[in-house]
Amino acid sequence: MNLHALLENMTLREKLAQLTQLDGQFHVPGGGEELTGPLHDMHIREEDVAASGSVLGAIGAQRTRAIQEQHLKADRHHIPLLFMLDVIHGFRTIFPIPLALGCTWDPELVQEAMRVAAKEASAAGIHVNFSPMADLVRDARWGRVMESTGEDPYLNGLFAAAFVRGYQGDDLRDPDSLAACVKHLAAYGAAEAGRDYNAVELGQYALRAFYFPAYQAALDAGAAMVMSSFNALNGIPSTANAWLLRDVLRGEWKFNGPVISDWGAVQELVNHGVAEDGREAGLKALKAGVEIEMMTSDYLQYGEELVETGELDEALVDQAVLRLLELKEKMGLFDDPYRQASPEKEKAVLGCPAHRQLARKTAARSLVLLKNEGNLLPLSKESRVAVIGPYGTARHLLGGWSCTGRDEETVSLYEGLLEKAPASRFSVCAGAGFYPDDPLSLDEAVAAAREADVVLLALGEHPDMSGEATSRAFLDIPAGQTELARAVFALGKPTAVVLFNGRPLDLREISEKADAVVEAWFPGSEGGAAVADLLYGDVLPQGRLTMSFPYAVGQVPVYYNGFNTGRPIDREWSDQRYLSRYIDIPNAPLYPFGFGLNFSSVKYEGLRLSGRCAESNLEARVTLTNMGEYPAEEVAQLYIRDVSASVVRPVKELKAYRRVPLAPGESREVVFPVNTDMLAFVHEDGSRYAEPGRFRLMVGPHAAELLETEFTL
Ligand code: BGC
C-alpha cells in the first residue's frame with residue numbers, strides 16, 4: 001500500500017476525520033442515523049463519520065465486523081478502522097488486577113496472561129489495547145493504583161515490557177496480536193493529594209529517574225502507541241505539552257507511532273485554563289504532538305480554518321495521519337480489515353478452559369500472605385469453617401476495567417472452598433456491607449462463628465471503590481464490615497481475614513486482631529478457586545507486595561525508595577523530636593514493599609561479596625534456609641544505595657530478585673551478579689551513568705528486613 005499516495009488523495013477534512021476517534025455508537029450499521037444528539041453537538045457530519053479513523057468501545061466480532069464492513073463501503077478511500085479498547089487485565093477470562101499481577105513478581109507469567117487477553121480481544125475484533133498503564137504509584141488514595149504494578153520503577157519497567165510483549169507477540173500482523181498503547185504520559189499517578197485528574201508537580205530529576213523509566217521500558221519493548229495523560233505536569237497539561245510529547249518522546253526516545261489523547265482531554269485544555277476555546281485547544285494539542293483526539297472534535301471543527309489562517313501547518317496533520325496509516329498497515333488491516341475476528345473464533349477462545357486455568361494459576365501467584373500467627377493457614381480439611389462477610393459468596397471478584405468479563409462466570413470464594421471440603425464443613429453468612437447502610441446480620445454472623453472451629457472473614461472494598469475517579473480520603477474497609485469484624489474477633493475464635501480490594505488499605509486493626517490475613521486483591525474469573533487453593537495449602541503463598549501498605553492514611557504517599565533527609569529517624573540526636581518523623585505514628589508502613597510470608601519462615605544469613613570493587617565482576621552471595629515444615633517459594637531481593645552522589649539518591653532501590661524454592665529444612669546459596677549498570681541513574685539532563693564512590697548492598701525478604709554490606713565503584 002502506498003500510504004503517501006493515499007494521503008495525497010485525502011482532503012484536509014478527511015485527514016482530520018482520520019485523527020478523530022468516535023464512540024462505537026456513532027457507527028451504527030445500516031447508516032442513515034439522524035445527526036442529532038451528540039454528533040450534532042460535536043459538529044460532526046455524516047461524511048466525517050465515514051472518513052473517521054478509529055472507534056472506541058465497539059466490542060464483539062459480529063458488531064466490529066459489521067461496522068468495518070459498512071465503513072469500508074462508506075469511506076471513499078476504503079481505509080479500515082482501528083478498533084480500540086481498554087483490555088486491562090483480560091477480556092473474557094479476567095486475570096487479577098494489575099496491582100495484583102505486580103505482586104506475582106513474575107513478568108513471564110504476566111506476559112503469558114496478557115497473550116491470552118490479546119487472543120480473546122482480537123477474536124472479538126479489537127486491534128489496539130489502551131494498556132499497559134505504566135504510571136508509577138505512591139499514593140493509595142488514588143483509585144487507579146489498581147491499574148499499576150506498583151511503586152518501583154525497575155519492577156514496573158519489567159512488567160510494562162511484559163504486558164507489551166504479551167499483547168503484541170512477535171508480530172503485529174499476527175491476528176492474535178493487539179497493538180499496545182502505553183499510558184498515561186506522564187506521571188498521571190503522582191496526582192496531588194491522590195485526587196484523580198489533579199495536577200502534578202515534579203522536578204526533572206524525579207521525573208526522569210523514577211517516573212519515566214517504565215514508559216520507556218514499554219516503548220523499548222515495541223509499544224505501538226502512546227496515550228497522553230489528563231494531568232497538568234509542572235503547569236502544562238500533557239495534552240498540550242510539546243516538551244513532553246515532542247522533545248522527550250519523539251526527540252530523546254525516538255518514538256514514531258501515534259499519540260492519542262485521553263478521553264476528552266483535548267477539549268479539557270479549556271478547563272485547565274491553557275486554551276480560550278476548542279479552537280485553541282485543538283491547535284495546542286496538535287502542535288504539541290497529540291495525533292488522535294479521543295471523543296471530542298476540535299480537530300475536525302477547527303482544523304481547516306486553522307490551516308487556512310496559517311496558524312496550523314498542514315504538514316503536521318499529514319505526519320499525524322501517516323503515523324496512523326502506518327500502524328494500520330503494520331497490523332495488516334489493508335489486507336484483512338477484519339483480522340480474522342469471527343463469532344466462531346470467539347466461541348473457541350473466549351473463556352476456554354486453558355485460559356481459565358492460567359487465570360487460576362496467575363491469581364494464586366498474586367495472593368499475598370500478610371500474617372499467619374500460630375500457623376492457622378493452611379486450613380485442615382477436617383475443620384468446621386464459618387464463612388462470613390460480603391465476599392464469602394460474592395461473584396464480583398473481577399475488579400475495575402473488566403466490563404467484558406462476566407460476574408456470572410466467576411468462581412466465588414465459597415464455590416472455591418467447596419472444591420476442598422464437603423458443604424457440611426461450612427456455614428455461610430455473607431450479607432452485603434460494602435456501604436454503611438448495607439444490611440449485615442451481626443447476630444447471624446456471630447452465631448455461625450460460634451459454632452465453627454475457624455472463621456474466614458471475607459471482606460473488602462466494593463469493586464466500584466477502585467479504578468478511575470475513585471479517590472478515597474480514608475483507606476479503611478467500609479464501616480459495616482469493621483463492625484462485623486469486631487463482633488467476630490470478640491469471640492476469640494481462630495480467624496483468617498481474606499481481603500478483596502484494589503488498593504493498599506489501612507489494615508492496622510485487622511492485622512492486629514486477626515490470626516491470619518490474606519491479601520487477595522480482585523483476583524479475577526478464577527479468584528475464589530485460587531484463594532481456596534492457598535487457604536488449604538494446595539498452592540504455596542508466593543505473592544510479594546509491590547506497593548507499601550500505610551500504617552495510617554496520614555503517611556501517604558509512603559514508599560520504600562524515598563530519600564534519607566538530613567535528619568533521618570535512626571540518627572542519634574540529643575532531642576529525638578527534631579528528626580524527620582511524626583509525633584503520633586511511626587514512619588514505617590504497616591507492610592513494606594516486597595513483603596509477603598511463606599507458610600514456613602526463611603532465614604537469611606552470611607551475606608558476602610566476592611570483592612569490594614564494582615568493576616571486578618562482583619557477586620553477592622547469601623544463604624537461605626527454610627526453617628519450617630512447609631515448602632517455601634521465597635523471593636530474595638537485592639537493593640542498592642548510592643551512599644554519596646551528586647544528587648540525593650534513594651535509601652534503597654530494588655536492582656534484582658530471585659525466586660528460590662526451598663524444601664522444609666533446605667538451605668541454598670543464592671548468587672546475585674552485581675554490575676555497574678545497576679549503579680547508574682538518570683540525571684536531570686537525561687543522561688544515565690554511575691558515579692564513583694561508596695555503595696551499600698542489601699539482600700533480604702523485603703525492603704524493611706535486609707542484611708547489608710558495602711563496596712565501591
Ligand atoms: C482513561 C484511560 C482510558 C480511556 C478510554 C479514560 O477515562 O483515563 O485510561 O484508556 O478512558 O477508555
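Each ligand, and each atom within it, is numbered from 1 in the order the structure gives. The figures here come from the full heavy-atom set of this structure, side chains too, leaving out hydrogens, waters and symmetry mates.
For ligand 1, the polar-atom distance check against Asp86 finds a nitrogen or oxygen pair separated by under 3.5 Å. Residue-to-ligand polar distances place Lys183 within reach of ligand 1: an N/O pair is separated by less than 3.5 Å. Below 3.5 Å of separation, one finds an N or O of His184 facing an N or O of ligand 1. The shortest N/O to N/O separation between Glu147 and ligand 1 does not fall below 3.5 Å.
Residue contacts with ligand 1: Met133 is excluded, as none of its non-hydrogen atoms falls under 4.0 Å. Between Met84 and ligand 1 there is no heavy-atom distance shorter than 4.0 Å. Residue contacts with ligand 1: Arg144 is included, with a non-hydrogen atom under 4.0 Å away.
Ring geometry for Phe593 against Trp105 counts as tilted: the plane angle lies between 30° and 60°, on a 0 to 90° scale. Classification of the His396-His462 ring pair by plane angle, with boundaries at 30° and 60°, yields tilted.
Taking the ring centre of Trp401 as origin, the terminal cationic atom of Lys183 falls inside the region bounded by 6.0 Å and 45° from the ring axis.
Arg144 and Tyr188 form a side-chain donor-acceptor contact under 3.5 Å, judged by distance and modelled atom types alone. Looking at Ser238 and Ser229, their side chains do bring a donor and an acceptor atom within 3.5 Å of each other. Side-chain polar atoms of Gln70 and His27 form no donor-acceptor pair below 3.5 angstrom.
Among all protein heavy atoms, the one lying closest to atom 4 (C) of ligand 1 is Asp262 OD1, 3.4 Å. At the top of the distance list for atom 7 (O) of ligand 1, counting protein heavy atoms only, stands Glu468 OE1, 2.7 Å.
Residues passing the ring pair (Phe, Tyr, Trp, His ring centres under 6.0 Å) test with Phe549, sequence neighbours excluded: Trp521.
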